[in-house]
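Taking it in order: structure first as structure tokens, then the write-up.
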Amino acid sequence: QVQLAESGGGLVQAGGSLRLSCAASGRTFSSDVVGWFRQAPGKEREFVAAVRRSGGITRYADSVKGRFTISRNNAGNTVYLQMNNLKPEDTAVYYCAGNLLNLLDTVVGHYGSWGQGTQVTVSS
């Protein structure tokens, strides 16, 4: 099973930017759809963004539209999440995962091969 690994998290002030990366072990992802999710302390894991690697179609949660951009590299083995104009409420552990059904959807249970997560902290 392909395992995913996130990187790029850190501490940033409100209004700042970070770029997260999600890489697949081995050569490529096993799923055509890769999503980013986040989980804040005491809250459920929530959908952030997803991309269909073939074609580049994207989907975003309303809370991040216009601020976050999901993309993939030409080789198709890395997916990025560019986060601009960060807010304190964006503070969470961010995870990437592959959609088991190849659906560009927001359902946590449809995703697998979760990475370990990367912490994003936005200070006010």
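Note that these values count all heavy atoms, side chains included, but never hydrogens, waters or copies made by symmetry.
Relative orientation of the Phe68 and Tyr94 rings is tilted, given thresholds of 30° and 60° on the angle between their planes.
Without hydrogens or angle criteria, Tyr60 side chain to Ile70 main chain gives a donor-acceptor distance under 3.5 Å. A side-chain donor-acceptor contact under 3.5 Å links Arg53 to the backbone of Ser31. Remark: the backbone N or O of Val122 is paired with a side-chain donor or acceptor of Thr91 at under 3.5 angstrom. Formation of a donor-acceptor pair under 3.5 Å by the Arg38 side chain with backbone atoms of Ala92 is not found in this model. The backbone N or O of Thr118 sits nowhere less than 3.5 Å from a side-chain atom of Glu6 that would complete a donor-acceptor pair.
Hydrophobic clustering, with ILVMFWY side chains joined whenever heavy atoms are under 4.5 angstrom apart, groups Leu18 together with Trp36. Leu20 and Leu4 fall within a single hydrophobic cluster, where Ile, Leu, Val, Met, Phe, Trp and Tyr are joined by side-chain heavy atoms under 4.5 Å apart, directly or via other members.
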Check residues 78-88 and write down every donor-acceptor pair under 3.5 Å in which the side-chain atom is one partner and the other belongs to a residue at least two apart or another chain.
unit_1 : atom_1 : unit_2 : atom_2 : d
Gln82  : NE2    : Asn84  : OD1    : 2.9
Asn84  : OD1    : Ser17  : OG     : 2.9

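Note: Ser54 OG to Arg72 CZ = 8.0 Å, rounded to the nearest 0.5 Å. Residue Ser30 holds its OG atom at 8.5 Å from CG of Asn102, rounded to the nearest 0.5 Å.
For the pair Arg52 and Asp32, the minimum side-chain heavy-atom distance is below 4.5 Å. Side-chain atoms of Tyr111 and Asp105, non-hydrogen and from C-beta on, do get closer than 4.5 Å to each other.
The shortest heavy-atom contact between Ala50 and Val33 is CB-CG1, 4.3 Å. Contact detail for Thr58 and Val51: the closest heavy-atom pair is CG2-CG2, 3.9 Å. Considering all non-hydrogen atoms of both residues, Gln39 and Lys43 come closest at NE2-O, 3.1 Å.
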Before giving the answer on side chain to side chain contact (heavy atoms under 4.5 Å, CB included), spell out for Val108 and Trp114 the whole-Å C-alpha distance, their side-chain angles and the decisive distance to 0.1 Å.
-> CA-CA 10 Å; Val108 174; Trp114 294 91; 3.8 Å; yes
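For CD of Glu46, the number of neighbouring non-hydrogen atoms (other residues, nucleotides, ligands) closer than 6.0 Å is greater than 12.
Under the ring-ring contact (aromatic ring centres under 6.0 Å, His included) criterion, Tyr95 pairs with no residue, sequence neighbours left out.
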